[in-house]
Amino acid sequence: IGTESELLSLNQLNKRKKPVMFARSAIHNWGLYALDSIAAKEMIIEYVGERIRQPVAEMREKRYLKNGIGSSYLFRVDENTVIDATKKGGIARFINHCCDPNCTAKIIKVGGRRRIVIYALRDIAASEELTYDYKFEREKDDEERLPCLCGAPNCKGFLN
Ligand SMILES: Nc1ncnc2c1ncn2[C@@H]1O[C@H](CN(CC[C@H](N)C(=O)O)CC2CN(Cc3cccs3)C2)[C@@H](O)[C@H]1O
């Protein structure tokens, strides 16, 4: 994917700011909210940050954990590339996980590069918190599992 129209709308998107803002979240710390209603399937925002390779991502992950930055603003685009929004990142990094999400994160190839774009899964009303399914891998070690606070009726109980 990554058609001409997607490339165009991606550029328009980054120019014409989608009406979103970050604020305190009932799910976790900060979240991203729709300021205006958003129609299903609309492109909302790109997950922007530094593109880094796997080895660099592993090293930074360790450093962030050591510095107590908690889980990181790292988003995997493929087995070798990660987008790190920790230092230089867009506000999409504040989007929380939900087991019944109103958005989805799609990887689109634009000019040979994979980029992460958040789309609306359904019509979203103004002031709704934007969420997507993180699709984290199932953590084998129970101690390492993160309890999910999304509150959705179908909540799976854990992020990973
Ligand atoms: N449904 C959920 N249930 C429980 N926890 C959730 C959920 N959905 C997101 N989470 C947390 O949020 C992180 C994903 N974060 C999304 C934004 C976050 N809300 C923020 O304010 O920064 C980014 C990471 C980077 N970390 C920086 C920190 C700030 C404060 C403590 S750690 C958070 C995840 O790794 C989780 O720890």
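For the numbers below, each heavy atom of this structure counts, side chains included, while hydrogens, waters and symmetry mates do not. Atoms within a ligand are numbered from 1 in the order they appear, just like the ligands themselves.
Listed by number with element, the atoms of ligand 1 under 4.0 Å from a non-hydrogen atom of N29 are 20 (C), 21 (O), 29 (C), 30 (C). Within ligand 1, the atoms closer than 4.0 Å to a non-hydrogen atom of I95 are 16 (C), numbered from 1 in the order shown. Remark: ligand 1 atoms within the under-4.0 Å shell around heavy atoms of C150 are 1 (N). Against a heavy-atom cut-off of under 4.0 Å, P147 is close to the following atoms of ligand 1: 3 (N), 4 (C). Atoms of ligand 1 found under 4.0 Å from any heavy atom of R93 (numbered from 1 in listed order, with element): 16 (C), 17 (C), 23 (C).
For the pair T81/Q54, no side-chain contact is recorded, criterion being any heavy-atom separation below 4.5 Å from C-beta on. Side-chain contact check for I108 versus R114: every heavy-atom pair is 4.5 Å or farther apart.
Not a single heavy atom of C99 lies less than 4.0 angstrom from ligand 1. Using 4.0 Å as the threshold, T131 has no heavy atom nearer than that to any atom of ligand 1.
For atom 22 (O) of ligand 1, the nearest non-hydrogen atom from the set F75, Y73, F94, F136 belongs to Y73.
In this structure, F75 has its ring center no closer than 6.0 Å to that of Y73.
A salt bridge does not link E139 with R145: none of the charged nitrogens is closer than 4.0 Å to a carboxylate oxygen. The pair R53-E58 does not meet the salt-bridge criterion, since no charged nitrogen lies less than 4.0 angstrom from a carboxylate oxygen. The existence of a salt bridge linking E46 and R115 is confirmed by a sub-4.0 Å separation between a basic side-chain nitrogen and an acidic carboxylate oxygen.
Every N/O-N/O distance between C148 and ligand 1 stays at or above 3.5 Å.
Judged by distance alone, the side chain of Y47 and the main-chain N or O of I91 form no donor-acceptor pair under 3.5 Å.
With a 4.0 Å cut-off on non-hydrogen atoms, L149 touches ligand 1 through its backbone as well as its side chain. Residue contacts with ligand 1 for S25 are absent, since no atom lies close enough (heavy atoms, distance under 4.0 Å).
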Expected list for residues 150-160: side-chain donor-acceptor pairs under 3.5 angstrom, two or more places apart:
residue	atom	partner	partner atom	Å
N154	ND2	C99	O	3.0
N160	OD1	L146	N	2.7
N160	ND2	E144	O	3.1

